[in-house]
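Here the structure comes first, spelled out in structure tokens, and everything after it is commentary.
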Amino acid sequence: MMNNGTMRKAEAKSAGTVTLLTHSYLNGYGRDYSRLFGGGLERYVDLLCRAVKELGLTPVVYQLTYYEPFDTVYEGVRVRGWPFDAHRITEAFELMAESAEGLLIYASCIWHPIRYRPGSIGICHGINWDTPSLAAETKAAIGQHIHQALRQLDRLVSVDSHFQTYCRAVGEFEDPASITLLPNPVDTSWFVPRKDRPSPDGEIRVLYPRRLSYERGLVTMMLSADELLSRYPSVTVEFAGELIDGSMMAAVFGLWHEAHPHRDRIIHRTYTFETIREAYHQADIAVIPTLFSEGTSLSCLEAMSCGLPVVATNVGGLNDLVVNGMTGRLTPPSAEAITPAISELIEQPRLRRRLGAAARRAALTFDQARWLAEWKAIIAAQLEKRDGCRR
Amino acid sequence: MANGLGKGGRKKTANKLTAIMQVRNEAGRYLEAALADLSGFVDEIVIVDDASTDDTPELAGSFEKVVKLVRNKESLFHKEWLLRELLWRAAEETSPDWILAVDADEFYEDYAKGALRELINQDEYDTVSFRMYDFWDSVTHYREDEWWNLHQRPMMTLVRYLPGYHYAYPKRAHHAPRLPFTYNALPGLDTELRIKHFGWAGSAEERQAKYDRYMKLDPQGQWGNLGHYASILEPNPRLIRWQERDRNDE
Amino acid sequence: MAAQPIVLFPCGGWRGIPPGQRSWLEEFARKRKLLALADDAPSSVEQISLEQLGNVEWSSASVIVMHPAWVHIAVPLKPRCLIVMLPGPEQAEEELWAKCRSWLCAYATLVVAGSEAFYLEQSFRRGSVFLMDGLDETSDLFARQAVEWHIDGFESDTLIRLQQRHRANWRQELLQKQEQAADSSSSGYADGLFYHSVYRYLTGEAELARKLLLASFEQMLLEGRENTLQNVYRFLSAVELEQGRLQEAVRTYGYTAQGQMEWGYAEQLTEWLACGKRELVKAQLYALNDDYRKAAALLEPLADEPEARSLLISTYIQMGRLGSAFSLGEAGHLKTAGDRRQWQHLQGTALLLEGKRHEAIHCFLSAGENRQEELHGMIELAVMDGVARELTQGNKEAN
């Protein structure tokens, strides 16, 4: 039984803590906790920790791990790893929440039926159940879970307008402000347009700057590439992203590449977060042909920030980034639709320059500084609300 | 289907029901009652008289619904498959839709009679099976024991006539099936509807006479089972009282 | 002029060839130039690798293919003679190999079948089919002779007839023996009757075929076999077609139809008959009895007519003649996205068999652009590639 003094100290300590719950952060393989998984979610959490620190608060990250439990420090932030059963994510999050102190931010897995601790914030990184072939029953169940999340969380931050609209259309909730749109940021001081052009041998490079996966439109890109490579002898297509060894897409891509009559103009490279800028600087056109499951595409933002004209599909958060004909090209998700858009850009260098410049200007409004400021405001407001309740 | 026919050209409505029966010296037993009963729910009756020596054929012919009566001069009793084939061919000549193969001592329960039209006016199946109960020593009780349990298995007695279908009987002297066995290939419906068989419902003397006849015909038990024959003489068999069902019962 | 050289595409190295055929092929190698894609070929046979295939002059060469996985490699070579020598399919043959087998046999110039059922199936699809199943020496001799004549550039049609009649008589003798031994319920008797019936159908003896078929039907029923109506009785409709009894044939089919699809066919046949479209009715009924060859022959002169063309396309597809199906142009029956995907798959395969691998991949990818499950065309291609490579190796059995 604690006396009043101890209680206030404990409260004070926890009052300064913000705990982020996520299903993925550090890569715990081999007990080497020095690296993040290289995806958008992990970078998001990392950046969010920075926002918390800038507020003078203490960020803590609780994550799920495939390996053994751990308790370590990464860049000054305490990170605890909790092993889990792949079929029981809901329970895993609830377990993590029980041990968590201070303000809770549920940073992922929003579509699971998690029982949220009152006074918490949630984040949705985009809708990943928007494929036409997913069963209606599954979609309805997810709708139920989102509706429940909206009722339990004080605030739900959405990275795109797609999910914001979805919440308003599917959920019933008290406070309209409880769903907040905060698109992802891009570091516009790092992702800058390249200094000089054109490339000496007249090569035009079309870049697919993301992981080579089915939902990110890899098949659409391959089909389009078939047409483009055959029609334009000066075009090279670069696939800049990871391909998982032994996966179906790896087999498919391999078969396609090996049998291609123009395989000398097909490049596949992987980059790190630090080196990906090279790919943007060597490219003339970026293609983001997502089929389904897209929040605010970081690739799209980075490409735009580098002043590249983009051809994107009208899926998820891409609609927030590209205004068709002004800051890029936006088309339905099919090879039949993106190929003419890419062709037009190949044939018209002036159009590329115009769209590229507009893309850069648009990217500036997604600058990182603004994002940090908005998160800090959200966290501060939530803390004030909780303190208010406590009195 | 365009012309009011159902699947595979089957008639779904207004099917004619023809009863077929082979008889031999049945006058004085159940024949009159059976024909009267049948006349109440079938449309036509076809009969083959196997060289009766009493006035069975005259009795049969006196019923209006008997549209065809074939009289054998010589009995085909020892070539039962020929007798069955003869009856079948006689029925074929009357342009039948559905055929109900009945013996002279069989009576369909009221409930079954009520269901018949619905059973035949459809295009899903071509045969219907029932449960045949052997009444014993009376018309109120049937026998059920190790040798007498025919009613626990389906018995096909009602079939759709398919013109041009291949009909065949196995060449057996006795216990030829009453319908062509090629019906077994066609889709069928098994029901729990019941038929009352009065062949064993008479006196003990009549049953003794039947026993003697079987033992004379088949002393080694080639066609039937000796144990089965012996059970005919069982003095106190297990008998169960029959409960009639109302025609409109659900 | 003999088609030289002869290149063998085996089913697991040289060792994988069934012993009976192996000795015959080794003898072959003494008389003619034989190459093999096998890493364990004997000294009399020259070894060749997949990479060296480009060095051969295929327009004057012969190919003997012994496994379905070779289809996309052997067929595009367009050799002068494409001889397909396959055993009968396994009980639960994988769908991919069943398809490959079908395509391979469709593009072959000569088919040698290793089992009777397979032989009869192919006889219903094409000419130049022989049986070599080791059950009868004379019968096998016909097949071997046919292969040699074929390579030497001679027609083997007379041999086909001879082998069919010989087998029919062989079947007849077998049945008579079984009947005399009162061995009627031995397994194989009822099936034997059926096979015999099919032979007589092939040799044009319809009335005899009918008697045997009905006997088979009766026997199977007495044995309590299931599905006799579709598996056996239905064939009566094909026999009736041969006898010129069209209305009865339609009626017989109607009696055997079960399930929505078959009832649909029965209704269609009756409608066509009522409209006087007799050739369509015959073609459809032959096709429903798997006699695609007769169906195609009836439909080819009518290919300008949309209904006939549509039926002809699906018949060609069943037969494995993808090239022919596509030369008839896009069929009007592609109503749903699912139909279009299926068409794209087939188109991809047809292109693959022409040797246009890149174009084929483009079709397979198109089919799977929206649904990942529909990329199976690519996966099958990967499997076929992988298995083909393994088949050259003598030290393991390809699955």
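Protein chains get the first letters and strands the later ones, always in sequence-line order, with residue 1 at the start of each.
- Close placement of the B:Tyr142 and B:His151 rings is indicated, their centers lying within 6.0 Å of each other.
- Between C:Phe217 and C:Phe194, a ring centre-to-centre spacing not shorter than 6.0 Å is recorded.
- Interface remark: C:Gln258 contributes side-chain atoms only to the contact with chain B (heavy atom separation under 4.5 Å).
- No more than 12 heavy atoms of other residues, nucleotides or ligands shown are found within 6.0 angstrom of CD on C:Gln342.
- Contact annotation for C:Thr228: only side-chain heavy atoms (C-beta onward) come within less than 4.5 Å of a heavy atom of chain B.
- Every residue meeting the side-chain contact (heavy atoms from CB on, under 4.5 Å) condition with B:Thr157, not counting sequence neighbours, appears here in chain and number order: B:Leu100, B:Tyr108, B:Phe130, B:Met155, B:Arg178, B:Ile195.
- With a threshold of 4.5 angstrom between heavy atoms, C:Glu218 approaches chain B through its backbone and through its side chain.
- Heavy atoms closer than 4.5 Å to chain B are found in the side chain of C:Tyr233, but not in its backbone.
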